[in-house]
Amino acid sequence: MLRTRSLDTHDFERLVEESRSAGSSEALARLDAALALWNGDALADFADESWAQATAISLSELRASAIEDRAEILLRMSRWADAIVAMELHIAHYPLRDRPRGLLMRALAADGRQTEALRSYQIYRHYLSEEVGTEPSSEVRALEAKIATGW
């Protein structure tokens with residue numbers, strides 16, 4: 001749970017926002033600091049309160065984006081293994097999100113593991129088809145095609 005004191009919420013949002021205009025090392029440090037404020041579900045103490053539900057959803061989405069932003073930075077820093085681990089954990093919690101799957105595929109391919117990247121895509125495509133009757137986004141499909149042709 002993100003601590004419910006308004007200062008913690010403010011600090012989390014501020015650090016994530018600041019990370020977006022910082023260089024890679026500083027952005028990574030700010031995201032790490034923001035994510036360190038998090039422990040469990042956002043505003044869990046107030047889960048039954050209608051006023052907190054929209055805020056909790058918004059904060060949870062911001063957290064998911066921050067985790068993905070962090071992986072993007074790890075990729076820019078050529079820290080493939082760290083990005084792979086982060087996205088595998090993230091995908092376990094958010095299996096329907098395209099961005100972390102694409103980040104995982106990019107990290108695997110950059111690490112010389114193209115077969116695993118393509119397998120990750122196939123697993124994702126099958127999961128989406130079976131669970132929700134849809135296909136990966138055009139961006140993830142294009143990434144799969146690039147990896148399949150030796151990118």
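Heavy-atom basis, side chains included; hydrogens, waters and symmetry copies ignored.
Between the CG atom in L75 and the CG atom in D82 there is a gap of 10.0 Å [rounded to 0.5 Å].
Between D11 and L37, the shortest heavy-atom contact is CB-CD1, 3.8 Å. Minimum heavy-atom separation, A71 to L103: CB-CD1, 4.1 Å. Nearest heavy atoms, A107 versus A83: CB-CB, 4.0 Å. Taking both residues in full, the closest heavy atoms of S19 and A27 are given as O-CB, 3.2 Å, listed atom of the first, atom of the second, then distance.
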Start with the C-alpha gap between L128 and R101, add the side-chain angles, then the distance that decides, and say whether side-chain contact (heavy atoms from CB on, under 4.5 Å) holds.
-> CA-CA 12 Å; L128 287 178; R101 184 63 63 162; over 6 Å; no
Given side-chain contact (heavy atoms from CB on, under 4.5 Å), test R106 with E72 step by step and report yes or no.
-> CA-CA 10 Å; R106 285 175 47 206; E72 190 85 48; 2.8 Å; yes
side-chain contact (heavy atoms from CB on, under 4.5 Å) between L15 and L31, intermediate numbers included = CA-CA 6 Å; L15 287 164; L31 288 171; over 6 Å; no
Between I73 and R76, does a side-chain contact (heavy atoms from CB on, under 4.5 Å) hold up when you go through it step by step?
-> CA-CA 5 Å; I73 293 165; R76 283 198 306 261; 3.2 Å; yes
Checking salt bridge (Lys or Arg N to Asp or Glu O under 4.0 Å) for the pair E139/R99: CA distance, chi angles, key distance, verdict?
-> CA-CA 9 Å; E139 293 85 7; R99 185 176 178 210; over 6 Å; no
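Side-chain contact between D111 and E116 is absent, with no heavy atoms from C-beta onward closer than 4.5 Å. Two residues are said to be in side-chain contact when any heavy atoms from C-beta on lie closer than 4.5 Å; I67 and M87 meet this criterion.
No continuous path of hydrophobic side-chain contacts links M105 to Y94 [ILVMFWY only; heavy atoms under 4.5 Å]. Hydrophobic clustering, with ILVMFWY side chains joined whenever heavy atoms are under 4.5 angstrom apart, groups W80 together with L74. Note on M77: it clusters hydrophobically with L104, by side-chain heavy-atom contacts below 4.5 Å among ILVMFWY residues. Hydrophobic clustering of Ile, Leu, Val, Met, Phe, Trp and Tyr side chains at less than 4.5 Å, counting indirect connections, keeps V85 apart from W38.
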Just distance, no hydrogens or angles: give the donor-acceptor pairs under 3.5 Å from side chains in residues 140-150, sequence neighbours left out.
unit_1	atom_1	unit_2	atom_2	d
R141	NH1	P136	O	2.4
T149	OG1	A145	O	3.1
T149	OG1	K146	O	3.0

N/O donor to acceptor pairs below 3.5 angstrom from side-chain atoms of residues 55-64, sequence neighbours left out:
unit_1	atom_1	unit_2	atom_2	d
S60	OG	A56	O	2.9
E61	OE1	R97	NH1	2.9
E61	OE2	R97	NH1	3.2
E61	OE2	R97	NH2	3.3

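Residues forming a salt bridge (Lys or Arg N to Asp or Glu O under 4.0 Å) with E13 (at least two apart in sequence, or on another chain): none. Annotation: salt bridge (Lys or Arg N to Asp or Glu O under 4.0 Å) contacts of R20 (sequence neighbours excluded): E17, D69. Applying the salt bridge (Lys or Arg N to Asp or Glu O under 4.0 Å) rule to D98 yields no partners; only residues at least two apart in sequence or on another chain are considered. Residues forming a salt bridge (Lys or Arg N to Asp or Glu O under 4.0 Å) with R125 (at least two apart in sequence, or on another chain): none.
Ion pairing of R30 with E26 is present here, as a side-chain N (NZ or NE/NH1/NH2) and a carboxylate O approach within less than 4.0 Å.
With Y124 contributing its side chain and L96 its backbone, the two residues share a donor-acceptor pair below 3.5 Å. In this structure, R70 contributes its side chain and D32 its backbone to no donor-acceptor pair below 3.5 Å.
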